[in-house]
Amino acid sequence: QVQLVESGGGLVQAGGSLRLSCAASGRTFSNYVMGWFRQAPGKEREFVSAISRSGGTTYYTDSVKGRFTISRDNAKNTMYLRMNGLEPEDTAVYYCAATAAFSDFLNRPYESYEYNLWGQGTQVTVSS
């Protein structure tokens with residue numbers, strides 16, 4: 001069973017950058033499709049980005065396209081989310097998610113029910 005630990009959150013000014021990391025335990029990291037979700041205070045958890053097992057396919061929600069970049073290093077059992085041009089609206093707890101998959105990617109990588117493993121979350125706060 002893979003366990004997920006996020007890091008890299010913090011306080012940043014609008015326009016700034018952060019890089020989140022999601023470290024996974026276990027030796028089968030490459031079997032998992034990975035994703036990032038976020039939850040702002042008083043709002044439902046929402047999809048941010050996802051990456052295929054191989055790293056060759058990525059998917060983003062519209063609001064972060066062109067600003068965020070998801071990547072993974074299967075040799076290091078780690079997934080990343082590079083966030084540039086941060087806006088106050090990006091303030092949220094960011095969660096790493098994973099699901100084992102037979103294929104390289106998911107039909108609906110933006111759906112939270114597709115993922116059965118979750119990290120504890122890391123806070124990102126963007127000040128205006």
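Everything numeric here is computed off the predicted structure, so don't read it as measured data. Counting begins at 1 with the first residue of the sequence.
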_Tell me if the CD atom of Gln3 is crowded by more than 12 foreign heavy atoms within 6.0 Å._
no

*Would you say Leu81 and Val48 make side-chain contact, with heavy atoms under 4.5 Å?*
yes

_So for atom CZ, which belongs to Arg108, do other residues, nucleotides or ligands contribute more than 12 heavy atoms lying within a distance under 6.0 Å?_
no

*Assess whether side chain to side chain contact (heavy atoms under 4.5 Å, CB included) is satisfied between Met79 and Cys96, documenting all intermediate values.*
CA-CA 9 Å; Met79 174 181 64; Cys96 170; 3.6 Å; yes

*When clusters are formed by joining ILVMFWY residues with side-chain heavy atoms under 4.5 Å apart, either directly or through shared neighbours, do Trp118 and Tyr110 land in the same one?*
yes

_Quick check for you: to the nearest 0.5 Å, what is the distance between Asn84 atom CG and Leu18 atom CG?_
9.5 Å

*asked:* What I'd like to find out is whether the side chain of Trp36 reaches to under 4.5 Å of the side chain of Ile51, using heavy atoms alone.
replied: no

*Heavy atoms, side chains only, cut-off 4.5 Å: are Met34 and Cys22 in contact?*
yes

*Hey, do the aromatic rings of Phe37 and Tyr95 have their centres closer than 6.0 Å?*
no

*Is a side-chain N or O of Tyr115 found less than 3.5 angstrom from the main chain of Pro109, in a donor-acceptor match?*
yes

_Atom pair CG (Leu4) and OG (Ser21), whose distance is rounded to the nearest 0.5 Å_ = 12.5 Å

_For Ser54, is there any backbone N or O sitting under 3.5 Å from a side-chain donor or acceptor partner on Asp104?_
yes

_side-chain hydrogen bond (donor to acceptor under 3.5 Å, both in side chains), that's the test. Do Thr125 and Gln123 meet it? Break it down for me._
CA-CA 6 Å; Thr125 303; Gln123 177 70 47; 3.3 Å; yes

*Which atoms form the tightest heavy-atom contact between Ala101 and Val33, and what is the distance?*
CB-CG2, 3.8 Å

_Under 3.5 Å, is there a donor on one side chain and an acceptor on the other for Thr78 and Asp73?_
no

*When rounded to the nearest 0.5 angstrom, what is the spacing between CZ in Arg82 and CG in Leu20?*
10.0 Å

_Could you measure the distance from the CG atom of Asn31 to the CZ atom of Arg53? Nearest 0.5 Å is fine._
4.5 Å

_Quick check: closest heavy atoms across Ser128 and Pro88, and the distance to 0.1 Å?_
CB-CG, 3.8 Å

*Just say parallel, tilted or perpendicular for the rings of Phe68 and Tyr94, cut-offs at 30° and 60°.*
tilted

*Do Leu117 and Leu106 sit in the same hydrophobic cluster, where Ile, Leu, Val, Met, Phe, Trp and Tyr count as joined when their side-chain heavy atoms come under 4.5 Å apart?*
no

*Taking the side chain as every heavy atom from C-beta outward, state whether Phe105 and Tyr59 have any atom pair closer than 4.5 Å.*
yes

*Counting only N and O atoms by type, is there a donor-acceptor contact under 3.5 Å from the side chain of Tyr60 to the main-chain atoms of Ile70?*
yes

*Any donor-acceptor pair under 3.5 Å linking the side chain of Gln120 with the backbone of Val5?*
no

*Between Thr122 (side chain) and Gly9 (backbone), is there a donor-acceptor pair under 3.5 Å?*
yes

_Contact check, side chains of Arg38 and Phe47, non-hydrogen atoms, under 4.5 Å_ = no

_Would Val2 and Thr28 count as a side chain to side chain contact (heavy atoms under 4.5 Å, CB included) here? Give the steps._
CA-CA 8 Å; Val2 172; Thr28 59; 4.1 Å; yes

*With rounding to the nearest 0.5 Å, note down the distance linking CD in Glu46 to CD in Glu44.*
10.0 Å

*Roughly how far, to the nearest 0.5 Å, is the CE atom of Met83 from the OG atom of Ser49?*
11.5 Å

